[in-house]
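Notes to accompany the following structure.
Naming convention: chains lettered A, B, ... in sequence-line order (proteins, then strands); numbering from 1 in each chain. Please read these numbers as outputs of a predicted model, since none were measured by experiment.
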Amino acid sequence: MQATTVAKESALSVNGLSYAYGNRAVLDRVSFQVEKGDLIGILGPNGSGKTTLFRLLSTLYAAPSGMITLAGYVYPAQAAAARRRMGIVFQSPSLDKKLTVAENVFHQGHLYGLRGNELRKRVEDLLRLFGMEERAGDLVETLSGGQQRRVEIAKALLHEPELLLLDEPSTGIDPVARRDFWRHLFALKEQKGLTILVTTHLLDEAERCDRLLILDRGKRVAWETPSRLRALIPGSVLSIRSPKLSEIEGELKQLWAGRLIRRVDGMLRIEPRSEESVEDAMRDAASLLQRFGAEVTALTVSQPSLEDVFLHLTGHHFESQNTESNGISDQ
Amino acid sequence: MESRTSSIVSGSFGLGVYTLWKREVVRFLRQKNRVVGALGTPLVFWFLIGSGVGSSFRTGGTSSGDYFSYFFPGMLLLVVLFTAIFSTISLIEDRREGFLQAVLVAPVPRSAVVAAKLLGGMTLSVLQCLLIYLLALPLGLHFSLGSFALVVATLCLLGLALTGIGYLLAWPLDSVQGYHALMNLLLMPLWLLSGALFPPDGSVGWMRAIIHANPLYYGLELLRAALWPGRSSASLWLFGAITLLFTAAVGLAAVVITDRVRVKHP
């Protein structure tokens, strides 16, 4: 027990964690400390190492070099104690589709050493909380994707974990179910003081987290709150939609040489110059309209997004890593 | 490393085994085609090989009826083998679908995962064998309480051992196709060369050696000794000990492979 009290303050801590598959390094000396009750997002494109980090934290892989403590317990030395205090939802569904909702949840309870009336009461409470009590006797394969996700999370909360890990929780569910899911998550955080860690490649999900760990090619490139991250890029982003995008792009690159101008999703994005004020952005917008007004269908002045932050931090586009990992590099 | 730490949780071992074992059985019973396939295949084999092919093997003093009887223990072994294959193929599916991941990060020792799988395979194969045994009793099988006990005990060991072999093959694999290849390469020959189809004594020397080296041969002879006393040369204690040791070794190997061999999850 002595060893456990040392790291008790933080819900999760990672120090100098590296991991490699054979010769290929996927995590390179990653460190971060998570405070209790925080909602943490791990953000990174495919191939950034976030899935490997998640598997290490979920105790699926043996920990290599570096130190991990989970819910105050050192992993792997105190793996069993840590596992009891963690709820884990993997990206791929862990429910047995041939079993009913209730059978699946009871099974989970048994795996975590719960039984009898205590277990029965918890199952009832949780299924009610997640609005699934009517479906308790139904086979999982008859549920919708969103309902299955709800059962997954209910299942992970059964043993009242202190730390909840969710890997890409919104994958494969519709927008309504996604909104529901995040509402549940916030409620849990508020009511139970649960520490939650979520991996995601969706930037709008990342915005909702208390703190973000941004990974790029196995390295930690940021560990900050979303608002502080956005503050890294002062100023506003201008976006233009137009049928004559190439002409405008060509002219602008001569006109505003030195500024970052690129195409994103069929729009032309102009990144702010350094030390830019809102007035500067407004003036730029006005001059754009003056010059190209006839050709422009839409002009937006927006706050920098996490996408912009990612670009700023890593020097490359968030999504371009996806194509790179498929071997079709566009850089 | 991880294995030593996970076995700290001793309290949840029994409960973990129980819940995983129960899932195996419930899943089997819910998939009707699995029940039909598991029971139907050996019966078809028994009929075709035992009565159809058997008559063309007729040599010396043995009649086709005798071959029918000779083949019966081998058919029970086939039921056990099929059941073992089906229950360990699900290991690969569980890994692909994510069920296994959730089990592996739960505070149950890895040995509970192995124990549940082996006991599940054993339960299903013994139940099916007993059903066929009941069907075959009126055809003139020897019956006494002693022989019944020996049949059940042997079937239990064979069920554990064959599920264990299937487990060893399935654990490192990530595709069902890979398993099928190994099944044809290893498991079917293991059955063919166990003395299930023909007695080793009538075979050529090298074939006899192979059969005697096959651990399943000893279990099979125990079944034969129980069902047709006098027709088997088995020394019960020696053959029993060999079967028991083999089962224990396979079970141990399954625990070790689960601890040591880490397979990439999808």
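In this structure, chain B has a heavy atom under 4.5 Å from the side chain of A:L139, while its backbone stays farther away. A:E103 touches chain B through its side chain: at least one heavy atom from C-beta onward sits under 4.5 Å away, while N, CA, C and O do not. Interface residue A:F90: only side-chain heavy atoms are found under 4.5 Å from chain B. Only the side chain of A:I88 comes within contact range of chain B, with at least one heavy atom under 4.5 Å from a heavy atom of that chain.
Looking at A:T52 and A:Y61, their side chains never bring a donor and an acceptor atom within 3.5 Å of each other.
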Report, one line per pair, each donor and acceptor closer than 3.5 Å where one atom sits in a side chain of residues 245-256 of chain B; sequence neighbours left out.
residue: B:T247; atom: OG1; partner: B:L157; partner atom: O; Å: 3.4
residue: B:T247; atom: OG1; partner: B:T243; partner atom: O; Å: 2.7

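Evaluation of the salt bridge (charged side-chain N to carboxylate O under 4.0 Å, His left out) test over residues 14-23 of chain A, restricted to residues two or more places apart or in two chains, returns none.
For the pair A:R83 and A:Y112, the cation-pi test (distance below 6.0 Å, angle within 45°) is failed.
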